[in-house]
Amino acid sequence: MSIEYRAISWSRPKRVYDAIVAVGVVLFLGAYIGVTSVTHTGDEAISPPILLMRATGACAFVLLHIILCIGPLARLDVRFLPVLFNRRHLGVLTFLVALLHALAAIGFYHGFSFVNPLLSLLTMNTDVGSLRGFPFEWLGLGALAIMFLLAATSHDFWNKNLGARAWKSLHMLAYPAYALLVGHVALGALQDERGPIATIAAFCGLLLVGGLHVAAGVRETKRDSGQSLDAGGEWIDVGSPMDIPVDRARTVCAPGGERIAVFRSGDAISAVTNVCAHQGGPLGEGAIIDGCVTCPWHGWQYRAEDGCSPPPFQEKIATYEVRINGGRVQVRTRANAPGTRVEPARIEGGRTPNTHEGDA
Amino acid sequence: MIRSQRRRHLVMWLVLGPLALVVLVASVVVRTGGTP
């Protein structure tokens, strides 16, 4: 969080993250070029410009796979959360590598004509009716345009000005970009492959990304189902107070489908929306740190009792009424306006009481 | 994510996932194998 504009709020973890990613990219490019140079010799030798084009293209494609796997991995296992923290840095780097690939390709195939290279790319092949001769470059160009848009708007400045909801919707364009790239690779690079390795790798990549999303989705659907409502349909059963780990939360799903994070801090139990105001991160998977609900994605903080970020920050999230009834924590399904203070339910003596005072 | 975004996320995958798979399979079917 920051109250003033900064291009990047550098920190040691960010520098380490970026250094690891940069070294990884250099190693990948080196290994790809090295191995291909050894395996393709004589008549099969590949010229340096094409080798650079292939290496950067493969690198960007692999990076996009990693980016798309981070989200579901973090939802399946909290140990992946540190990787998610700087996912946007990875996205920007992926765009830069993809741009290098595009420049190499356009420069090599379209740079020696008197026609504008970009115009040449768009008009040289228009055989859209043929799968074998499909202008796959268009798909790559479309994906690159999306990646540029995402990289350009990745900063919190755009998040704040577009609003978390619009920003998140915009950045879901990463999926169409991925689909375009699968088509770009399948109808382009894979058409020239004689061996099966690249094709198998592309299949495995698609199945991995898709499989992880399905696994995370199934798990969340199971968790969301089976919520127990009271007779009036107004309160959801959360469980025993002791079922909520200290300084952590249990997440329940309201009838409309919105998730509610119910936190326990000492003997106090409070409920807020599960959606962080920053990027929609799952607050219920975070913890109470320094007395505040802390988002596991980027550390945005809110007071559990009123959903307000501590001063000088001004973000607010919705709160929910909580009570302890018959030894069970219950949360009201209707959300309060963001920033509404709600008195926490208290665990008497740190033990589960039998009734809540309204029912006594 | 809020509910509508989760739903959009799901729909996107239901459409784009199989589409990408079909394109990948089709590309293998029509492939002839060119020069490196």
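Basis for what follows: all heavy atoms, side chains included, without hydrogens, waters or symmetry-related copies. Everything numeric in this text was worked out from a predicted model, so none of it was measured. Naming convention: chains lettered A, B, ... in sequence-line order (proteins, then strands); numbering from 1 in each chain.
Note: P176(A) leads P176(A), G183(A), G217(A) in heavy-atom pairs under 4.5 Å with chain B. Interface check for chain B: of the options S169(A), C276(A), P196(A), the most heavy-atom pairs under 4.5 Å are formed by S169(A). Ranked by non-hydrogen atom pairs under 4.5 Å with chain B, the options L207(A), L180(A), V214(A), L190(A) are led by L190(A).
Counting heavy atoms from C-beta outward, L187(A) and L131(A) have side chains that approach closer than 4.5 Å.
H101(A) has its ring centre no less than 6.0 Å from the ring centre of F61(A).
Of the options W300(A), W167(A), Y302(A), a ring-ring contact (aromatic ring centres under 6.0 Å, His included) to H278(A) is made by W300(A) and by none of the others.
For a residue to count as touching a neighbouring chain, one of its non-hydrogen atoms must lie under 4.5 Å from one of that chain's; by this rule V15(B) does not touch chain A. Heavy atoms of L19(B) lying under 4.5 Å from chain A are absent altogether.
Under the ring-ring contact (aromatic ring centres under 6.0 Å, His included) criterion, the residue pairs touching residues 128-147 of chain A are F136(A)-H184(A), with sequence neighbours excluded.
Residues forming a side-chain hydrogen bond (donor to acceptor under 3.5 Å, both in side chains) with T36(A) (at least two apart in sequence, or on another chain): none.
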